[in-house]
Amino acid sequence: MSTVERDLAVEPVVTPPPTRTPAPAPATRVASPGASSALDEVLTRPSGMVRLVDRLTRGRGLSRRGVLVGAAVAGSALVTDPKAYALRPQSAYATICGPASTFSGGWSIFCATINKGVNGCPPGSFTAGWWKAADSSWCGGGYRYIVDCNAQCTKCTSGCSDHICDSACWNCSCGTGPAGQCDQRRSCCNAFRYGQCNTQVKCSGGVHCRVVSCVAPHTWANCSTTSFRSDATAEHSAPTLPQWGPMEALYTKMGAQGSYLKASTGPIRQASDGRGRWVAYQGGRIWWTSATGAVALATFVNDIWEANGGAGALGYPKGAKQTGLPDGGWLHAFEKGAIVDSLSTTTQVVEGVRWTAWVGAGRESGRLRYPLAKVEFQPDGSWIQRFQDGAITDSPATTTQVVWGIRWTRWVEAGRETGVLGFPVGPKEDLPLFSWIQRFQRGCLVDSNETVTRLVRDAIWTAWQQVGREQGRLSYPTTEQVASSTGVSQRFRRGGIWGRTDAPAFAVFGATLTTWEAAGGPEGSYGYPTAHTVTNGDGTTTGVFEGGTITA
Amino acid sequence: MRTNGYGITVDVPSGWASSVQRRPVAPDAASDATSRSSGSRTARLGVERTMPVVHVSSRVIPQGVGDFGSGLVEVMGSEDVFVALVEYGSDLADTGLFERQGMPRLAPSQFSPNRMQRALPGRSASQHFFSVGGRAFCLYTVIGSHDRRMATVPRAAGVVRSLAVEPAAAMRRRGVVV
């Protein structure tokens with residue numbers, strides 16, 4: 001036999017793994033050798049999955065849904081080791097657990113199997129060493145890192161002459177996995193240590209269980225960068241570990257156990273709506289749909305999302321959390337809304353039509369800035385959601401509108417939706433020369449470059465519209481409405497509007513106004529106008545009043 | 001036959017196989033990116049590294065054998081011996097798990113079936129952590145039959161006695177950093 005010193009530059013030859021094309025959707029088991037042609041079709045052409053399902057259901061009394069739904073385990077097995085799963089008699093679970101998954105196989109169990117699904121060292125054990133296995137389907141064909149969690153010598157320290165105390169000293173006992181699942185490997189049996197982690201611990205117990213990751217342990221645990229390798233373990237796994245896919249790929253990209261998500265706490269699960277899938281972690285969840293891809297949510301955000309209706313209300317999360325927004329803000333977008341916060345506000349949800357309106361208003365950088373509260377619903381079907389600089393509101397009699405800036409301030413002063421103006425019926429409308437108007441159910445707020453913001457309402461609002469509003473004879477209002485014991489009035493740039501209480505109001509302007517006011521106005525002999533003043537062809541004006549007519 | 005590499009020398013019995021290798025590091029993009037921005041307070045920043053591994057075996061050492069013998073130990077016969085000297089890096093030497101100084105001396109009493117990295121019927125193993133010359137090592141020895149340890153361990157012990165390690169300082173003086 002020869003002595004071989006392997007050259008630095010030559011990577012030991014590793015037989016390439018069989019070519020695998022991940023199945024695009026779960027499929028049922030194809031047990032007969034004759035089905036291998038169908039399997040090859042799937043493996044070589046992803047679109048072949050559709051034909052495979054059709055072939056399986058044809059003439060067998062199975063529905064397409066029946067083939068696909070509930071086949072997550074089989075689908076995972078198909079992805080993990082499709083030829084083994086399809087061509088050798090074994091269960092899908094056995095394929096998920098990989099080779100040598102029994103106690104007699106001699107390998108150590110996965111912590112996720114015995115630690116309530118948590119892919120982390122159980123309490124009382126510690127990371128003691130790690131190795132990697134190449135070409136693992138559980139890491140998208142890359143390296144899979146396996147960390148041994150060793151027991152501690154809590155009961156005694158005899159036997160530490162070779163750094164492993166006697167098994168009677170360990171804080172766990174030799175056993176195997178719970179019944180009913182395939183990871184029946186050894187727990188707390190093998191008195192071995194890889195040794196790169198927590199080297200300050202001179203003596204330990206044996207291997208309690210194994211943790212897995214697609215990210216090297218020295219980046220997330222107290223371990224040396226020294227790498228060892230054992231490719232025989234590349235396909236070892238357990239049912240409680242998430243299979244490779246978009247969610248695990250995102251988790252890996254985030255740094256796996258080194259991210260805020262920390263360790264996974266279970267396998268991929270299917271949401272009840274059939275659209276979403278998720279993996280739970282100690283620090284949050286990763287959700288996936290075919291439309292949104294994989295997105296991570298911290299526990300805090302996930303809890304708020306679920307408390308506010310989850311996928312049914314907000315849809316599924318879209319994209320990573322956005323940070324660096326104004327005022328230290330962050331926003332997590334969903335299909336139908338967002339969860340958002342800033343230094344000056346608290347975490348709020350904006351969803352549905354409110355989300356659409358807020359986006360249209362420029363979102364946190366726009367006219368409304370950040371939400372101050374959740375949407376408030378009223379028994380009559382109306383609602384309002386308040387923001388730092390305004391609100392979005394709607395009622396059964398109106399449409400969704402945004403009220404912001406000075407309009408919001410004045411509307412609040414006027415009693416908001418239960419005040420004199422009622423609900424907004426339109427947005428802020430920009431008018432010539434930097435003027436604007438926003439209309440409400442019973443009036444408006446209006447301003448121009450030569451006036452200040454004024455509220456026009458009720459009979460005066462009706463009259464002002466009749467005479468052409470800001471483009472008509474009167475132009476913009478210069479005062480607020482004034483009430484007397486007999487009626488109401490409001491001044492405009494070129495005239496005014498008067499009316500008795502609870503009666504129509506009318507515009508008076510020009511020389512007619514001058515003459516009428518000289519005679520005492522509404523309290524004089526002429527009384528209140530009964531029609532709008534009109535301009536005559538010769539430039540004079542004529543007004544009709546309770547007590548007579550004035551032409552001037 | 002004497003073989004050496006990376007400052008480690010060993011006498012290989014006639015008919016046995018040996019290898020002294022240091023795997024090239026195949027970068028793992030995810031880990032390299034993560035190591036540059038690790039949020040763990042106890043994590044070691046930096047890139048993954050490999051260290052020298054010496055294998056001496058009474059059987060052919062297969063291609064792709066694991067550093068601790070996976071792929072070989074499964075096919076050992078009752079008279080077979082496998083010795084692995086695995087280095088961890090001078091930064092770990094002389095302290096904690098690697099505090100003990102000098103190459104260990106093997107004895108049958110050190111072997112037990114439960115000392116295997118992977119428990120296999122009949123097999124038996126011993127494991128030692130130590131430092132030599134400022135270099136940290138693990139010596140992992142597997143025999144094909146626990147029942148035959150009185151006969152096979154002395155053969156492994158002879159191989160281990162022949163192991164010589166050049167101190168890290170000496171290697172640095174001649175321009176070699178492991």
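Sequence lines set the chain letters: A, B, ... in the order given, protein chains first and strands last, and positions in each chain run from 1.
- Rounding to the nearest 0.5 Å gives a distance of 7.0 Å between CD of B:Q110 and CG of A:D162.
- Here the side chain of A:H163 pairs a donor or acceptor atom with the backbone of B:F129 at under 3.5 angstrom.
- Atom OG1 of residue B:T50 and atom NZ of residue A:K132 lie 8.0 Å apart, to the nearest 0.5 angstrom.
- In this structure, A:S161 OG and B:H128 NE2 are separated by 8.0 Å, a value rounded to the nearest 0.5 Å.
- The distance from the CD atom of A:Q200 to the CD atom of B:E99 is 12.5 Å, given to the nearest 0.5 Å.
- Both the backbone and the side chain of A:Y194 come within less than 4.5 Å of a heavy atom of chain B.
- Less than 6.0 angstrom separates the ring centroid of A:F228 from the ring centroid of B:Y88.
- A donor-acceptor pair under 3.5 Å is absent between the side-chain atoms of B:N114 and the main chain of A:A191, judged by distance alone.
- Nearest approach of B:Q127 to A:F192, heavy atoms of both residues: NE2-CE1, 3.4 Å.
- In this structure, chain A has a heavy atom under 4.5 Å from the side chain of B:V86, while its backbone stays farther away.
- Annotation for B:R49 and A:S224: closest pair NH2-OG, 3.3 Å, computed over non-hydrogen atoms.
- Contact count against chain A (heavy-atom pairs under 4.5 Å) is highest for B:A119 among B:G96, B:S14, B:A119, B:G66.
- Both the backbone and the side chain of A:R193 come within contact range of chain B, with heavy atoms under 4.5 Å apart.
- Taking B:R123, B:M116, B:H55 one by one and counting their heavy-atom pairs under 4.5 Å with chain A, the maximum is reached by B:M116.
- Judged as a side chain to side chain donor-acceptor pair (under 3.5 Å), the pairs with a partner in residues 156-167 of chain B (not counting sequence neighbours) are, in order, B:E166-B:R174.
- Between A:C203 atom SG and B:L97 atom CG the span is 9.5 Å, to the nearest 0.5 Å.
- Closest approach of A:A100 and B:R118 over heavy atoms only: CB-NH2, 3.7 Å.
- Residues A:N190 and B:Q117 have side chains not in contact (no heavy-atom distance under 4.5 Å, counting atoms from C-beta outward).
- Taking both residues in full, the closest heavy atoms of A:T226 and B:M51 are given as CG2-CG, 3.7 Å, listed atom of the first, atom of the second, then distance.
- Shown here are the ring pair (Phe, Tyr, Trp, His ring centres under 6.0 Å) partners of B:H146, two or more places apart in sequence or in another chain: there are none.
- Taking each heavy atom of B:D67 and A:S227 in turn, the nearest pair found is OD2-O, 4.2 Å.
- Here the shortest heavy-atom pairing between A:Y145 and B:E48 reads OH-OE1, 3.1 Å.
- Interface remark: of the candidates A:S230, A:G195, A:G206, A:G195 forms the most heavy-atom pairs closer than 4.5 Å to chain B.
- Ranked by heavy-atom pairs under 4.5 Å with chain A, the list B:P113, B:G89, B:G69, B:S70 is led by B:S70.
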